[in-house]
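Residues: numbered from 1 along the sequence shown.
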Amino acid sequence: QVQLVESGGGLVQAGGSLRLSCAASGRTFSSYAMGWFRQAPGKEREFIAHISWSGDSTYYADSVKGRFTISRDNAKNTVYLQMNSLKPEDTAVYYCAASTIVVVTTAPMGYDYWGQGTQVTVSS
């Protein structure tokens, strides 16, 4: 079992940057692919980014491609989401999630473990 805890959210002006972290418990973190999702009020949970267990492969939603970067440090049991050029429409609760599926998975049901989320608010 994996427990995930996100941090790094906050309030930022449009055009600014934030780096989210997701710390995982358990010695098997490196065997999981990881994803970031977000959910705005009244909207469905949206896929943002995916990284393979090794960190060699990444995949992004079109809405964040070129602005967000996912990375991981398996020695620290942590996955990161660097968010640049933030827009008001990026405002949401951001979640990290762990998946045992090897291929890129964008559906929330493909993930086995979830963090509690961290709020990101981008002001205009």
Practice task
Check whether any side-chain N or O of Ser85 sits under 3.5 Å from a backbone N or O of Arg67 as a donor-acceptor pair, and report yes or no.
Solution key: no
Practice task
For the pair Ser99 (side chain) and Gly110 (backbone), establish whether a donor and an acceptor sit closer than 3.5 Å, ignoring hydrogens and angles.
Solution key: yes
Handout entry: Test of ring centre spacing under 6.0 Å for Trp114 and Phe37
Key = yes
Completion exercise
With sequence neighbours left out, the residues meeting salt bridge (Lys or Arg N to Asp or Glu O under 4.0 Å) with Lys43 are none
Problem - By side-chain contact (heavy atoms from CB on, under 4.5 Å) - contacts of Ala49 (at least two apart) - result: Tyr60, Ile70, Leu81
Problem - Value rounded to 0.5 Å, distance of CD in Gln3 from CD in Gln116 - result: 10.5 Å
Handout entry: Side-chain donor/acceptor of Thr105 to backbone N/O of Val103, under 3.5 Å
Key = yes
Handout entry: Pairwise side-chain contact, Val122 with Glu89, heavy-atom cut-off 4.5 Å (strictly under)
Key = no
Exercise for the section: Drop me the distance from Met34's CE to His50's NE2, to the nearest 0.5 angstrom. Expected result: 9.5 Å
Practice task
State plainly whether one hydrophobic cluster holds both Phe47 and Trp53, where clusters connect Ile, Leu, Val, Met, Phe, Trp and Tyr through side-chain heavy atoms under 4.5 angstrom apart.
Solution key: no
Exercise for the section: Sort and list the pairs that fulfil salt bridge (Lys or Arg N to Asp or Glu O under 4.0 Å) and have at least one residue in residues 52-62, not counting sequence neighbours. Expected result: Asp62-Lys65
Problem - same_hphob_cluster(Tyr59, Leu20) at 4.5 Å side-chain heavy-atom cutoff - result: no
Practice task
Supply the atom-to-atom distance Gln119 CD to Thr91 OG1, rounded to the nearest 0.5 angstrom.
Solution key: 7.0 Å
Exercise for the section: Looking only at non-hydrogen atoms, find the nearest pair between Arg72 and Asn74 and report the distance. Expected result: NE-OD1, 2.8 Å
Practice task
Flag yes if Val104 and Tyr111 sit in one hydrophobic cluster, no otherwise; membership is Ile, Leu, Val, Met, Phe, Trp, Tyr, and two members link when side-chain heavy atoms are under 4.5 Å apart.
Solution key: yes
Handout entry: Heavy-atom donor-acceptor pair, Thr118 side chain to Ser7 backbone, under 3.5 Å
Key = no
Exercise for the section: Decide whether Val120 and Phe68 are clustered together by the hydrophobic rule: side chain heavy atoms of Ile, Leu, Val, Met, Phe, Trp, Tyr closer than 4.5 Å, transitively. Expected result: yes
Fill in the blank from the handout: Distance col, row Ser124:OG vs Gln13:CD, nearest 0.5 angstrom, shows 9.5 Å
Handout entry: disulfide (SG to SG under 2.5 Å) pairs, two or more places apart, involving residues 4-117
Key = Cys22-Cys96
Completion exercise
Residues at least two apart in sequence or cross-chain that pass side chain to side chain donor-acceptor pair (under 3.5 Å) with Ser17, listed by chain then number, are Asn84
Problem - Co-membership, hydrophobic cluster, residues Ile48 and Leu4, 4.5 Å side-chain - result: yes
Handout entry: 4.5 Å side-chain heavy-atom contact, Trp36 and Val79
Key = yes
Handout entry: pair Asp73-Tyr80: side-chain heavy atoms closer than 4.5 Å
Key = yes
Handout entry: Close side-chain approach of Tyr94 to Glu6, heavy-atom, < 4.5 Å
Key = no
Problem - Contact list for residues 33-42, test salt bridge (Lys or Arg N to Asp or Glu O under 4.0 Å), sequence neighbours left out - result: Arg38-Glu46, Arg38-Asp90
Exercise for the section: Output the distance between atom CD (Gln82) and atom CG (Leu18), rounded to the nearest 0.5 Å. Expected result: 8.5 Å
